[in-house]
Structures are given as C-alpha cells and as structure tokens.
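Down below is the structure, laid out as structure tokens.
Numbers here simply count residues along the sequence, with the first being 1. Atom set for the values below is all heavy atoms of this structure, side chains included, hydrogens, waters and symmetry mates excluded.
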Amino acid sequence: MKYVLVTGGVVSGLGKGVTASSIGVVLKACGLRVTTIKIDPYLNTDAGTMSPFEHGEVFVLDDGGEVDLDLGNYERFLDIKLTRDNNITTGKIYQAVINKERRGDYLGKTVQVVPHITDEIQDWIERVAMNPVDGKEGPPDVCVIELGGTIGDIESMPFIEALGQFSYRVGPGNFCLVHVSLVPVLNVVGEQKTKPTQHSVRGLRGLGLAPDVLACRSTEPLEEHVKVKLSQFCHVPISNIVNLHDVTNIWHIPLLLRDQKAHEAILKVLELQYAGKVPREPKLAEWTERATKFDKLKTPVNIAMVGKYTGLSDSYLSVLKALLHASVAMERKLIVDWVPSCDLEDSSARENPEAHKKAWKLLKGADGILVPGGFGDRGVQGKILAAKYARENNVPYLGICLGMQIAVIEFARSVMKLCGANSTEFDPAATSPCVIFMPEGSKTHMGATMRLGSRRTYFHVNGCKSARLYGNATSVDERHRHRYELNPDMVPDFERAGLQFVGKDESGRRMEIIELPSHKFFIGAQFHPEFKSRPGKPSPLFLGLIAAASGQLEPLLQRSCNNLPKTHVNNGKVQIRKLYPTVPVKSPLTSLVNGYYPNGTGIHT
C-alpha cells in the first residue's frame with residue numbers, strides 16, 4: 001500500500017480537500033485504484049452534531065456516517081463510496097483507546113498520547129486504507145490522506161506525531177507528503193512572497209515531517225525565480241513544486257497537476273514510476289472536456305435556494321453541486337439566488353422591509369424554487385410561504401427532507417384548510433400533526449440517532465414524474481438524514497385532497513416522495529438525492545427541477561423512459577444502472593483561497 005499525505009500551511013481554506021481529491025483523480029487516471037481518508041482533529045466523534053455555520057454541511061454516506069464535507073468532494077471527484085471509518089476524528093481515536101483501556105487491553109500500562117494514541121491513529125489508517133471503495137475486489141493501490149487544519153495547530157499535534165512515525169513504519173518508497181501552502185502577493189509590493197511558505201515548511205520539518213512535493217496556491221502562475229527560491233529554502237526539487245493558481249473552475253485543478261507533471265513526482269517518490277500497470281501519462285480526456293465545455297453555456301436558469309444558512313454557502317455544498325451537474329446536463333448556465341427564508345416572513349416586512357422586498361423579488365424572479373433540508377423552527381414560515389408561492393403559481397419546486405415536510409404542511413393549511421397543521425418539531429401540541437417524531441428516534445441523545453444512510457424507496461404510482469426521471473425504476477436507493485416523518489395516519493386525507501405519495505419505504509407506511517400531479521413540477525423527497533449526484537451522473541430529481549425550470553421537462557421524461565435501462569436484480573438487491581450518459585460539467589469556483597463564490601461566477605449571494 002502506498003500513502004500520499006496532504007497537509008496545509010500558512011492559512012486555512014487553501015483548498016486542501018480539492019487538492020487531495022485532484023491528486024486522487026490524476027493517480028486514478030494513471031491506472032491506480034485510489035481510496036481516501038480525511039483526518040479532522042476536533043474532539044467531536046463525527047460532524048453530525050455540528051451547526052453548518054461551524055463546519056459547513058454534514059455529508060452523509062451510504063453506511064449512515066455523518067462526515068466532513070471533504071468526503072463529499074472525494075466521492076464526487078473519484079466516483080467512489082466511502083464509509084464512516086474514512087473520516088478520522090480526535091473523538092473517535094480517544095474513544096477507541098479509552099474503550100480498550102476499560103477492557104484491560106493495555107495490560108495495566110499507563111495509557112499515554114505516545115504511544116497509545118499515536119499507535120491507534122496508525123492502526124486505523126492501515127486498516128481503513130485496505131478497504132476497497134470502488135466496487136472492486138481487493139485493496140486499493142494508493143490511499144490519499146488529508147490532514148485537516150493548519151500545521152502548528154495544537155489539536156493536530158498527536159496526528160502529526162503519528163504520521164511522522166507512520167512514514168517510518170511503512171518505509172521509504174511508500175509515503176509521499178504533499179504540502180499545500182500560500183504564495184501571496186502584497187498589493188504595496190506587487191511581487192510574490194515566499195516567506196510564508198518557507199516558515200510553514202520549517203514548522204513542518206520541526207515536527208518531524210519533510211515535504212516531498214510543494215503545492216503552492218497563488219492568484220497568478222508562479223514566476224520561475226520564485227520556484228527557484230522555494231526550492232532553495234524549502235529543500236524541494238523544482239520539478240516537485242506545483243503551482244495551483246486561480247482557475248475558472250475547480251475541475252481544472254487535476255489538469256494543472258497533470259500539466260506540471262505532479263503525478264510523475266508523486267509516482268517517483270512512491271517508486272511506482274516504472275510499474276507496468278501505470279501509464280506514462282494519465283488519461284484525462286473526459287475530465288478535460290468536463291472542465292472546458294461549461295464555459296460555453298450561455299442560456300441562464302435561475303434557481304431560488306430558500307434556506308436558513310444562506311450566509312454560508314458551504315452549508316448547502318452538495319445541493320449546489322447537484323444543481324450544477326443537472327444544469328450542465330440540460331445545457332443551462334446555473335444562477336443561484338440565495339433567499340434567506342426569514343426574510344420572506346411577514347415579521348421581516350416590519351423589521352427589515354428592504355430585505356423582505358429583496359427576498360420576494362428574488363423568489364418571484366426565479367425559474368425554479370428549491371427548499372433544502374434543515375433543523376429548527378427559525379425561518380420555517382418563510383419556507384412554507386416559498387412552497388405556497390411555487391404551488392399556486394405553477395413554479396417548479398423541489399423540496400428536500402424538511403423541504404418536503406413544509407410543502408405538506410402548506411398543502412394542509414391552504415388546500416385542506418387545516419389551520420392547526422404543523423410539525424411536532426415546531427409545535428408539539430399541533431392539532432393537525434402532519435409531521436411527527438419517528439418512533440425509533442431518541443429525544444435524549446442527538447448524535448447518530450436519526451434515520452441515516454442509504455434506504456430503499458419503492459415507487460407506488462405508475463407513470464409519476466419521479467419514477468420516470470429514474471428511468472421507470474421500481475425502486476431506488478438514496479441517502480437519508482432525518483428524525484421526523486410525515487404522519488402516515490393523515491395520508492388518506494392528503495390523497496383525497498389531491499396530493500400523491502408516489503414513493504414509500506418497504507413497509508408502505510413511511511412516505512418518501514410526494515408529487516402534485518396537476519403541477520408542472522412539484523416534488524418533495526424525504527431523502528437527500530444531492531449526496532449521490534456525480535458530474536457525469538446528475539441526480540434525477542435535480543435534473544427534473546432544472547429541466548422543468550428551463551422548459552425541457554417533457555423531452556427529458558420521454559428520453560428517460562425510452563433510453564434508460566430498466567431496474568435489474570443482482571444478488572437479491574434491486575439496483576439502478578447508470579441513468580445518464582457522461583455529461584461535461586464545471587463548477588463556478590474561481591478562487592479556492594477567496595471562497596466558493598467570488599463575483600462574476602453567476603452565483604448570486
């Protein structure tokens with residue numbers, strides 16, 4: 001097994017996750033099988049209990065693991081399926097060590113950070129790295145490890161010590177360290193400064209690790225004399241210094257690595273450059289097309305994203321990626337209008353009339369409306385108003401998780417005239433509880449107590465839009481994250497009023513997908529389809545939203561039904577074959593260091 005460690009220096013937010021993912025893409029294009037591990041030094045056991053404002057979105061895996069959003073990047077870039085063990089946290093490591101101590105595994109010894117914590121980290125990495133993540137048998141060839149945070153952080157010290165020991169454990173030729181650093185330009189001076197990177201590498205060496213490859217972030221391509229200076233003071237060959245300057249979208253990053261022969265530097269350190277199974281050059285023709293064709297899109301499609309975390313776009317990163325995948329597939333340039341749900345409420349009209357007016361203007365000017373998942377009652381009334389506007393004005397609507405639940409509440413209040421309709425999450429004494437707490441959930445423990453991971457949804461209405469978007473499949477597996485569900489006792493009343501429950505779980509009592517058949521496109525899903533969207537395989541429900549918003553829904557539904565292979569059974573499990581041909585895609589990211597949505601990218605904030 002070969003290991004590539006990606007660390008970061010100078011400042012956070014340089015794009016270590018994208019760099020690690022891109023390294024994986026290039027190595028995979030060289031014919032290697034790649035897996036990934038993300039190390040998060042925080043004490044939380046997982047990301048499940050953290051607010052999106054703290055750490056961005058919580059990404060959910062097939063096995064129900066609630067993990068860092070970088071694992072979503074890994075899955076999308078590499079088209080792999082990871083597990084909860086691919087995300088290591090300080091909480092997990094200490095919990096494992098303490099459990100061993102309680103069992104007496106350490107035979108009465110004093111349990112210490114060194115060697116017990118550091119040994120547990122190394123054992124965890126070696127164990128998880130051997131697990132296949134690409135659907136094939138046998139262990140991967142290379143494991144890319146990303147160490148979260150910045151070199152010098154106190155909380156990451158045990159991991160740095162463990163990784164230093166680990167490099168000696170696996171031996172020369174099996175470990176390559178890629179250090180991501182910043183080469184800034186001071187406006188006053190106007191030249192690229194190497195001192196921050198020099199200090200970062202010096203700190204890294206002082207902790208027992210030496211970089212084999214330098215990945216330098218900058219706004220413009222590095223000047224040659226800057227590379228010479230970095231090589232001289234950081235003791236890294238010029239050929240091993242890679243410049244990741246700002247590009248039009250992140251899909252160019254693997255191409256930058258390829259063009260600068262980063263794969264050759266890494267393969268040489270790992271002693272793989274002469275292996276018979278590795279091509280001389282990575283095959284990235286499809287990726288190149290994906291990175292360039294998006295620029296040609298001219299016709300816009302406006303989607304209003306109505307949520308409570310719109311101030312931090314990372315909170316909805318997977319949703320945004322799924323929209324991008326779908327918009328490119330439908331040959332439309334995506335424009336996302338961020339609409340804070342609180343600003344749509346009547347109270348906002350009194351307290352902040354300008355924000356209220358702006359929010360409604362964005363909503364009414366959108367081609368489609370999306371209400372993503374969320375927790376808590378803040379902004380819920382605004383989301384209900386957004387769903388009502390979409391329903392009454394025949395505007396394409398997609399509600400995810402909470403977005404589906406509030407659509408049902410709005411329907412109960414407006415169409416069925418149930419004034420007391422609500423969720424028990426917001427009003428435990430609701431007279432018409434449309435949404436209720438799931439019986440298997442816990443009201444005392446928050447972490448990992450929701451309905452999590454991949455679950456099967458069975459279609460119950462022939463010819464419904466959702467089933468047609470999935471290629472007339474009889475069932476589909478999607479990822480979930482919720483502790484409240486639609487009240488099954490009220491389903492007959494809803495159906496008599498015209499709301500269809502087209503998707504249900506295996507019991508038939510848990511509602512998974514709703515539709516309004518008389519509406520152009522009004523769909524709600526209890527699951528999170530965004531987590532399984534890929535650049536070449538857009539999520540069907542997101543594809544339907546973009547198609548409806550751009551006037552292409554009927555041709556898409558016809559094409560889906562005519563061209564897509566049907567459901568088949570494999571080893572007793574219903575599986576959906578690839579639903580869509582590979583489609584070129586591009587993200588609007590233009591600057592990893594300046595954040596996700598700089599001006600001019602078509603993403604409205």
Side-chain angles (χ1 to χ4, degrees), residues 1-9 12 16-17 20 23-24 34-48 55 61 63 65-68 70-71 74 82-103 105-107 109-131 133 139-140 142-172 174-180 203-212 270:
M1 174 63 67
K2 308 291 185 177
Y3 300 89
V4 177
L5 172 64
V6 179
T7 61
S12 60
K16 293 191 306 297
I23 289 172
V34 180
T35 185
T36 59
I37 292 175
K38 173 66 188 297
I39 297 175
D40 285 302
Y42 48 67
L43 281 170
N44 303 63
T45 301
D46 57 37
H55 213 64
L61 303 171
D63 67 354
E66 297 173 286
V67 297
D68 183 80
D70 276 321
L71 275 78
Y74 304 156
L82 301 173
T83 69
R84 67 182 74 225
D85 287 343
N86 290 86
N87 192 192
I88 303 175
T89 69
T90 299
K92 287 181 180 179
I93 295 297
Y94 274 77
Q95 190 175 58
V97 169
I98 290 172
N99 288 341
K100 288 182 178 180
E101 186 273 331
R102 292 290 83 187
R103 290 197 305 266
D105 292 1
Y106 297 117
L107 303 177
K109 292 183 179 178
T110 301
V111 181
Q112 298 173 293
V113 173
V114 181
H116 301 101
I117 294 297
T118 53
D119 283 351
E120 182 66 31
I121 293 169
Q122 296 176 70
D123 293 343
W124 192 302
I125 291 173
E126 276 195 324
R127 182 181 74 252
V128 175
M130 298 299 291
N131 297 332
V133 295
V142 180
C143 177
V144 179
I145 306 166
E146 178 192 350
L147 176 62
T150 306
I151 293 300
D153 293 344
I154 293 176
E155 60 185 5
S156 64
M157 289 301 177
F159 291 100
I160 293 174
E161 173 63 29
L163 290 165
Q165 295 178 16
F166 189 69
S167 65
Y168 287 98
R169 178 195 282 201
V170 299
N174 295 313
F175 188 88
C176 177
L177 197 162
V178 179
H179 187 59
V180 183
L204 187 64
R205 290 183 180 279
L207 295 170
L209 289 170
D212 299 296
L270 296 178

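- Taking Phe159 as the reference, nothing meets the ring pair (Phe, Tyr, Trp, His ring centres under 6.0 Å) condition, with sequence neighbours excluded.
- Taking both residues in full, the closest heavy atoms of Ile151 and Gly203 are given as CG2-C, 4.3 Å, listed atom of the first, atom of the second, then distance.
- Judged purely by distance below 3.5 Å, without hydrogens or angles, the side chains of Glu161 and Gln165 pair a donor atom with an acceptor atom.
- Residues Pro211 and Leu204 come closest through the heavy atom pair CD-CD2, 3.9 Å.
- You'll find the side chain of Ile160 reaches within 4.5 Å of the side chain of Leu209, heavy atoms only.
- Between Gly152 and Met157, the shortest heavy-atom contact is O-CE, 3.8 Å.
- No more than 12 heavy atoms of other residues, nucleotides or ligands lie within 6.0 Å of CZ in Arg102, so this atom counts as exposed by the packing criterion.
- Within the structure, side-chain hydrogen bond (donor to acceptor under 3.5 Å, both in side chains) contacts touching residues 145-159 (residues at least two apart or in different chains) are Tyr74-Glu146.
- Ile145 is listed as a side-chain neighbour of Ile39, based on a closest heavy-atom distance under 4.5 Å.
- Using a 4.5 Å heavy-atom threshold, the side chains of Thr35 and Asn131 count as separate.
- Residues satisfying the side chain to side chain contact (heavy atoms under 4.5 Å, CB included) criterion with Glu120, sequence neighbours excluded, are Ile93, Ala96, Val97, Lys100, Trp124.
- Every side chain to side chain donor-acceptor pair (under 3.5 Å) that Asn174 has, sequence neighbours left out, goes to Lys2.
- Not counting sequence neighbours, Phe175 has no partner by the ring pair (Phe, Tyr, Trp, His ring centres under 6.0 Å) test.
- Put simply, CD on Gln112 and CD1 on Ile117 are 10.5 Å apart, with the number rounded to the nearest 0.5 Å.
- Put simply, the side chain of Thr89 does not reach to within 4.5 Å of the side chain of Asp68, judged on heavy atoms.
- Distance check: Leu207 CG to Leu163 CG gives 11.0 Å after rounding to the nearest 0.5 Å.
- Between Val34 and Val133, the shortest heavy-atom distance links the atoms O-CG2, 3.7 Å.
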Determine whether Leu270 and Val4 satisfy the following criterion, side chain to side chain contact (heavy atoms under 4.5 Å, CB included), listing intermediate values before the conclusion. CA-CA 9 Å; Leu270 296 178; Val4 177; 3.8 Å; yes
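- One distance of note links CD of Glu101 with OH of Tyr106; it measures 8.5 Å at 0.5 Å rounding.
- Between Lys16 and Leu147, every side-chain heavy-atom pair lies at or beyond the 4.5 Å cut-off.
- In this structure Tyr94 satisfies the ring pair (Phe, Tyr, Trp, His ring centres under 6.0 Å) test with no other residue, sequence neighbours excluded.
- Atom-to-atom distance recorded for Ile37:CD1 and Cys143:SG is 3.5 Å, nearest 0.5 angstrom.
- A salt bridge links Arg169 and Asp123; the closest N-O separation between the charged side-chain nitrogens and carboxylate oxygens is under 4.0 Å.
- Between Thr90 and Pro158 the shortest side-chain heavy-atom distance does not fall below 4.5 Å.
- Inter-residue side-chain proximity for Asp46 and Arg84 is flagged as unmet; no heavy-atom pair is nearer than 4.5 Å.
- Side-chain atoms of Asp40 and Asn87 include a donor-acceptor pair closer than 3.5 Å.
- Met130 approaches Glu126 most closely through the heavy-atom pair CG-O, 3.2 Å.
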